[in-house]
Trainee: 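Attaching a single structure in structure tokens format; questions to follow.
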Amino acid sequence: MKSLIEIEKILEETLTTERFRHTLGVMYTAAALAMKYGANLNEAMLAGLLHDCAKCIPKNEQKNLCKKYHILLTESEEKNPSLIHAKLGSYLAKDIYEVVNDDVLHAISYHTTGRPSMSLLEKIVYIADYIEPGRKDISNLTFIRKLAFENIDQTILKISENVLQYLESTNTVIDNMTKKTYEFYKQELKKEGE
């Protein structure tokens, strides 16, 4: 597997300046959350660094790469191609950056939609992508950033709720996994409260 420094150098050349800055923000935010919740620090940094490795590939090329890797796209991914980079990114992480850790690959794959029963690492990357320091113009962001270091599952619920509200308000296609994530964590927290 390539080192974090090697991967960082490659990404600096392949991502836009803005995307690279976001990527570093996610990597360091994931590291902070890993320290807080006792996750593997290197895995959090690796997943954070690679989460958007496919983001700057043109949409047509992303679809061609999905065919190459035999990645089946959902109806919502076909209608909203901005979702494809997550799934494709996990394949590129394995193929180009030689990542073999399944938890890291899953964290990359689900960082945009989340999923029910996420691992700790998946939760960390999902949250880090949303709250990294470069993010602005997100409602309740200050509250969510504070919550992220207090209750990880409540943070997942709040982020997925925000994402759903935003997508509905902009008439954007909603991936079914985003809805499932919201419903799952809503039920989990309800059980905890009983």
Trainee: Any heavy-atom pair between the side chains of C56 and T14 that's under 4.5 Å?
Mentor: no
Trainee: Has the side chain of T181 got a donor or acceptor atom that lies under 3.5 Å from a matching backbone atom of T113?
Mentor: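 Such a contact is found between T181 side chain and T113 backbone.
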Trainee: Please say yes or no: joined through hydrophobic side-chain contacts below 4.5 Å, possibly via intermediate residues, are V26 and I159 part of one cluster?
Mentor: no
Trainee: Is the shortest heavy-atom distance from the side chain of Y28 to the side chain of M45 under 4.5 Å?
Mentor: yes
Trainee: Using modelled atom types only, decide if a donor and an acceptor are shared between the side chain of E122 and the backbone of S119 within a distance under 3.5 Å.
Mentor: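 Looks like yes, one N/O pair under 3.5 Å.
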Trainee: Enumerate the salt bridge (Lys or Arg N to Asp or Glu O under 4.0 Å) contacts for residues 87-113, please, sequence neighbours excluded, ordered by first and then second residue.
Mentor: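 For residues 87-113, and leaving out neighbouring residues, the salt bridge (Lys or Arg N to Asp or Glu O under 4.0 Å) pairs sorted by first residue read K2-E98, E77-K87.
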Trainee: Under 4.5 Å between side-chain heavy atoms, counting indirect links through other Ile/Leu/Val/Met/Phe/Trp/Tyr residues: same cluster for L121 and F149 or not?
Mentor: no
Trainee: Would S160 and Y126 count as a side-chain contact (heavy atoms from CB on, under 4.5 Å) here? Give the steps.
Mentor: CA-CA 10 Å; S160 58; Y126 178 79; 3.5 Å; yes
Trainee: With a 4.5 Å heavy-atom cut-off, do I7 and L46 have their side chains touching?
Mentor: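 Yes, their side chains come closer than 4.5 Å.
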Trainee: How long is the gap from CG on N176 to CZ on R115, to the nearest 0.5 Å?
Mentor: 15.0 Å
Trainee: Distance check, rounded to the nearest 0.5 Å: N80 atom CG versus T172 atom OG1?
Mentor: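 The distance works out to 6.5 Å.
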Trainee: Got C53 and Y97 here, is their nearest side-chain heavy-atom distance under 4.5 Å?
Mentor: yes
Trainee: Considering non-hydrogen atoms only, spot the tightest contact between Y37 and I152 and give its length.
Mentor: OH-N, 3.5 Å
Trainee: Assess whether atom CD of E192 is packed by more than 12 heavy atoms of other residues, nucleotides or ligands within 6.0 Å.
Mentor: yes
Trainee: Are L24 and M35 linked, directly or through other ILVMFWY residues, by side chains that come within less than 4.5 angstrom of each other?
Mentor: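 L24 clusters together with M35.
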Trainee: Do any pairs count as a salt bridge (Lys or Arg N to Asp or Glu O under 4.0 Å) and have a residue in residues 18-43, sequence neighbours left out, and if so which ones?
Mentor: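 Counting only pairs at least two positions apart or across chains, the salt bridge (Lys or Arg N to Asp or Glu O under 4.0 Å) contacts touching residues 18-43 are R19-D52.
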Trainee: Side-chain contact test, heavy atoms from C-beta onward, threshold under 4.5 Å: evaluate it for I57 versus L92 and give yes or no.
Mentor: yes
Trainee: Do E150 and K146 sit within salt-bridge range, that is, some charged N less than 4.0 Å from a carboxylate O?
Mentor: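 Yes.
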Trainee: So, does R135 use its side chain to make a donor-acceptor pair with the main chain of D129 at under 3.5 Å?
Mentor: yes
Trainee: Yes or no on side-chain contact (heavy atoms from CB on, under 4.5 Å) for E132 and M27, after CA distance, side-chain angles and deciding distance?
Mentor: CA-CA 9 Å; E132 65 92 3; M27 178 178 74; over 6 Å; no
Trainee: What's the separation between atom CG in L11 and atom CG in L4, rounded to the nearest 0.5 Å?
Mentor: 10.5 Å
Trainee: Nearest 0.5 Å please: distance from the OG atom of S90 over to the CG atom of L105.
Mentor: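 It comes to 6.0 Å.
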Trainee: If we ignore hydrogens and angles and just use 3.5 Å, is the side chain of E6 paired with the main-chain N or O of S3 as donor and acceptor?
Mentor: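 Looks like yes, one N/O pair under 3.5 Å.
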Trainee: What I'd like to find out is whether the side chain of Y91 reaches to under 4.5 Å of the side chain of I96, using heavy atoms alone.
Mentor: no
Trainee: Partners of H85 by ring-ring contact (aromatic ring centres under 6.0 Å, His included), sequence neighbours excluded?
Mentor: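 With neighbours one apart ignored, the set is H111.
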Trainee: Between I138 and Y166, is there a shared hydrophobic cluster once you connect ILVMFWY residues whose side-chain heavy atoms come closer than 4.5 Å?
Mentor: yes
Trainee: Please determine whether side-chain contact (heavy atoms from CB on, under 4.5 Å) holds for the pair K179 and L164, giving the CA-CA distance in whole Å, both sets of side-chain angles, and the decisive distance to 0.1 Å.
Mentor: CA-CA 7 Å; K179 291 178 189 169; L164 286 169; 3.9 Å; yes
Trainee: Nearest 0.5 Å please: distance from the CG atom of L50 over to the CD1 atom of I108.
Mentor: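 Answer rounded to 0.5 Å: 5.0 Å.
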Trainee: Determine whether E78 and K63 satisfy the following criterion, side-chain contact (heavy atoms from CB on, under 4.5 Å), listing intermediate values before the conclusion.
Mentor: CA-CA 9 Å; E78 290 283 1; K63 286 189 174 185; 3.3 Å; yes
Trainee: I need the I156 CD1 to L147 CG distance, nearest 0.5 Å.
Mentor: 10.0 Å
Trainee: With sequence neighbours excluded, what pairs up with F184 under the ring-ring contact (aromatic ring centres under 6.0 Å, His included) test?
Mentor: none
Trainee: Can you list, by chain and residue number, the hydrophobic cluster partners of M177 when the side-chain cut-off is 4.5 Å?
Mentor: Y110
Trainee: If Ile, Leu, Val, Met, Phe, Trp and Tyr residues are connected whenever their side-chain heavy atoms lie under 4.5 Å apart, and connections chain through other members, are V173 and I84 in the same group?
Mentor: no
Trainee: What pairs of residues pass the salt bridge (Lys or Arg N to Asp or Glu O under 4.0 Å) test when at least one of them lies in residues 152-173, not counting sequence neighbours?
Mentor: K123-D153, K158-E161
Trainee: Please determine whether a side-chain nitrogen of the Lys or Arg among K191 and E188 lies less than 4.0 Å from a carboxylate oxygen of the Asp or Glu.
Mentor: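 Yes, charged N to carboxylate O under 4.0 Å.
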Trainee: Any donor and acceptor pair, going by atom type alone, linking the side chain of N140 with main-chain N or O of F143 inside 3.5 Å?
Mentor: no
Trainee: Could you tell me whether the side chain of T23 reaches within less than 4.5 Å of the side chain of H51, counting heavy atoms only?
Mentor: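 Answer yes - side chains close enough.
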